[in-house]
Amino acid sequence: MNATLDRITRVRISSVTLPLATPISDAKVLTGRQKPMTEVAMLFAEITTEAGLEGVGFSYSKRAGGPGQFAHAREIAPVLLGEDPSDIAKIWDKLVWAGASVGRSGLPVQAIAAFDVALWDLKAKRAGLPLAKLLGAHRDSVRCYNTSGGFLHSPIEEVVDRAAAAVERGIGGIKIKVGHPSHETDLARVTAVRDKIGDVPLMVDANQQWDRAAARRMCRALEPLDLVWIEEPLDAYDFEGHARLSAAFDTPIATGEMLASAGEHAELIRARGADVVQPDAPRVGGITQFLKVMALADHAHLGLAPHFAMEIHIHLAAAYPREPWVEHFEWLDPLFDEHLEIADGRMHLSGRPGLGVTISEQARAWTVAREEVRV
């Protein structure tokens with residue numbers, strides 16, 4: 001008896017340019033390594049099967065890389081045709097080997113991620129379950145914190161007001177950016193937000209700005225402010241440096257968002273380079289690879305706070321055994337018809353099957369390239 005339940009008959013990919021209302025700056029901009037961010041390049045994948053089911057997934061790139069992701073996805077998309085969509089691990093391997101000459105991390109797996117997320121969305125829809133329930137949820141809501149109001153281009157008065165407004169809306173924590181040339185400026189900004197929001201959970205993110213000496217000084221200076229974590233105080237690949245900070249200070253160290261494969265996360269965890277790991281499903285190759293990172297993090301008794309893409313990460317965080325955090329951004333709201341509910345400091349799962357989102361007409365209007373392959 002053939003165990004194949006269904007087959008993929010059509011794959012559609014779209015490159016969508018999402019404009020940002022205000023150019024965004026963090027420490028990488030202040031150092032001249034990057035320009036202010038004005039848009040996000042989204043890669044959408046829509047997979048249709050013989051039985052008429054459809055899965056939707058996405059990946060993304062900030063600043064550069066969007067056209068490259070789309071080009072790679074277009075080249076490898078035919079590999080999906082004829083496959084049973086339930087065989088997600090097998091399909092991931094086929095996709096990565098189809099483009100293996102350009103590597104198994106970074107841009108190639110970020111292109112694969114859109115397909116992989118779509119396959120998990122489709123699988124959960126087939127089961128009639130939200131993705132979190134298919135994976136095995138530990139909770140129906142997750143603590144959430146907001147980042148989008150705390151960037152370095154905003155004056156401190158604006159950051160403080162936005163932090164207070166976010167808490168008023170039901171956000172559970174606030175994260176602001178640090179990494180000014182003046183450490184005193186950073187400390188004054190963090191102190192002002194702490195004074196405004198009281199004992200609401202507060203995090204800071206240095207975006208890899210400091211060297212080891214500066215990071216030690218800043219971690220020491222920030223200790224009295226009772227932060228949930230200090231994020232990316234060092235270069236993302238300085239696992240040893242992060243491990244030393246984690247061992248030396250009470251405030252937890254968080255990192256991992258810039259790592260571009262499950263293997264890189266394995267090295268970070270092996271080095272004890274984080275108290276809180278921050279994998280990003282689109283960046284590591286999708287949900288299949290994220291689940292590997294999640295298992296390693298749980299085995300090491302680490303916290304989990306996935307980076308960006310809350311429409312995906314709410315489901316993955318809900319399935320983590322330890323109480324996690326999810327990052328709240330309003331940026332992607334125009335791309336989807338549905339939006340996540342936030343109340344009492346938590347982001348709540350919906351009862352909709354799969355990811356629970358559909359691509360909006362606005363996203364269709366922002367499409368700059370598309371490709372379709374079919375049986």
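The basis for the numbers below is simple: all heavy atoms, side chains too, and nothing from hydrogens, waters or symmetry mates.
Ile156 and Met203 fall into different hydrophobic clusters, defined by Ile, Leu, Val, Met, Phe, Trp and Tyr side-chain heavy atoms under 4.5 Å apart, directly or through other members. Tracing side-chain contacts under 4.5 Å through hydrophobic residues (I, L, V, M, F, W, Y), one never reaches Phe58 starting from Leu107; they form parts of separate clusters. Residues Leu135 and Ile88 share a single hydrophobic cluster, defined by chaining ILVMFWY side chains whose heavy atoms lie under 4.5 Å apart. Cluster membership check: Leu134 shares its hydrophobic cluster with Ile47, using side-chain heavy-atom separations under 4.5 Å among Ile, Leu, Val, Met, Phe, Trp and Tyr. Hydrophobic clustering of Ile, Leu, Val, Met, Phe, Trp and Tyr side chains at less than 4.5 Å, counting indirect connections, unites Phe239 with Leu302.
Remark: side-chain polar atoms of His313 are paired, donor with acceptor, to backbone N or O of Ala281 under 3.5 angstrom. In terms of modelled atom types and a separation under 3.5 Å, the side chain of Gln69 and the main chain of Gly65 share no donor-acceptor contact. At distances below 3.5 Å, not a single donor-acceptor pair connects side-chain atoms of Ser154 with backbone N or O atoms of Glu158. Side-chain atoms of Arg104 never come within 3.5 Å of backbone atoms of Gly99 as a donor-acceptor pair (strictly under, hydrogens ignored). For Asp6 (side chain) and Glu50 (main-chain N/O), a donor-acceptor pair under 3.5 Å exists by modelled atom type. No side-chain donor-acceptor contact under 3.5 Å links Arg139 to the backbone of Pro324. Put simply, the side chain of Asp87 never gets that close to the backbone of Lys90: no donor and acceptor are under 3.5 Å apart. A donor-acceptor distance shorter than 3.5 angstrom exists from the side chain of Asp186 to the backbone of Gly179, with no hydrogens or angles considered. Of the possible polar contacts, none joining the Gln278 side chain to the Glu257 backbone as a donor-acceptor pair under 3.5 Å is found. A distance-only check finds a donor-acceptor pair linking the side chain of Asp84 to the backbone of Ser86 [under 3.5 Å].
Counting only N and O atoms by type, the side chains of Glu39 and Thr17 include no donor and acceptor under 3.5 Å apart. Side chains of Gln362 and Ser360: a donor-acceptor N/O pair is absent below 3.5 angstrom, by distance only. A donor atom on one side chain and an acceptor atom on the other are not found under 3.5 Å apart for Ser261 and Gln289. Under 3.5 Å, the side chains of Tyr237 and Glu264 contain a donor-acceptor pair of N or O atoms.
A salt bridge links Glu267 to Arg270: at least one charged side-chain nitrogen sits closer than 4.0 Å to a carboxylate oxygen. Arg169 has a carboxylate O that lies under 4.0 Å from a charged side-chain N of Glu330, or vice versa, which qualifies the two as a salt bridge. A salt bridge between Arg346 and Asp140 is absent, with no side-chain N of the basic residue lying under 4.0 Å from a carboxylate O of the acidic one. Contact check on Arg374 versus Glu372 returns a salt bridge, with a Lys/Arg side-chain nitrogen under 4.0 Å from an Asp/Glu carboxylate oxygen.
Within a 6.0 Å sphere centred on NZ of Lys62, other residues, nucleotides and ligands contribute more than 12 heavy atoms. For CZ of Arg322, the number of neighbouring non-hydrogen atoms (other residues, nucleotides, ligands) closer than 6.0 Å is greater than 12. The local environment of CG in Asp199 is sparse, with at most 12 non-hydrogen atoms from other residues, nucleotides or ligands closer than 6.0 Å.
With Arg10 as the fixed residue, the salt bridge (charged side-chain N to carboxylate O under 4.0 Å, His left out) test singles out one of Glu371, Glu46, Glu54: Glu54. Checking Phe70, Phe308, Trp331 one by one against Tyr60, the ring pair (Phe, Tyr, Trp, His ring centres under 6.0 Å) holds for a single residue, Phe308.
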> Run the side-chain contact (heavy atoms from CB on, under 4.5 Å) check on His315 and Leu349 step by step: do they pass?
Replying inline: CA-CA 7 Å; His315 295 277; Leu349 285 169; 3.7 Å; yes
>> Test side-chain contact (heavy atoms from CB on, under 4.5 Å) on Phe329 and Val40; report intermediate values, then the result.
In response: CA-CA 13 Å; Phe329 272 93; Val40 180; over 6 Å; no
>> Does Arg283 form a side-chain contact (heavy atoms from CB on, under 4.5 Å) with Met258? I'd like the steps, not just the answer.
In response: CA-CA 8 Å; Arg283 282 186 177 163; Met258 297 303 298; 3.2 Å; yes
> Under the side-chain contact (heavy atoms from CB on, under 4.5 Å) criterion, do His138 and Tyr320 qualify, and how do the steps go?
Replying inline: CA-CA 7 Å; His138 285 264; Tyr320 193 60; 5.9 Å; no
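Across every non-hydrogen atom of Phe115 and Ala77, the tightest pair is CZ-CB, 3.9 Å. Nearest approach of Lys175 to Asp205, heavy atoms of both residues: NZ-OD2, 3.6 Å. The two atoms that bring Ala297 and Ile269 nearest to each other are N-CD1, 3.8 Å, heavy atoms only. The nearest pair of heavy atoms linking Ala215 to Leu245 is CB-CD1, 3.8 Å. Between Leu234 and Trp210 the shortest heavy-atom distance is CD2-O, 3.5 Å. Heavy atoms only, all atoms of each residue included: Ala114 and Ala45 are closest at O-CB, 3.6 Å.
Side-chain atoms of Leu355 and Glu311, non-hydrogen and from C-beta on, never get closer than 4.5 Å to each other.
By the 30° and 60° cut-offs, the orientation of the rings of Trp229 relative to Trp325 is perpendicular.
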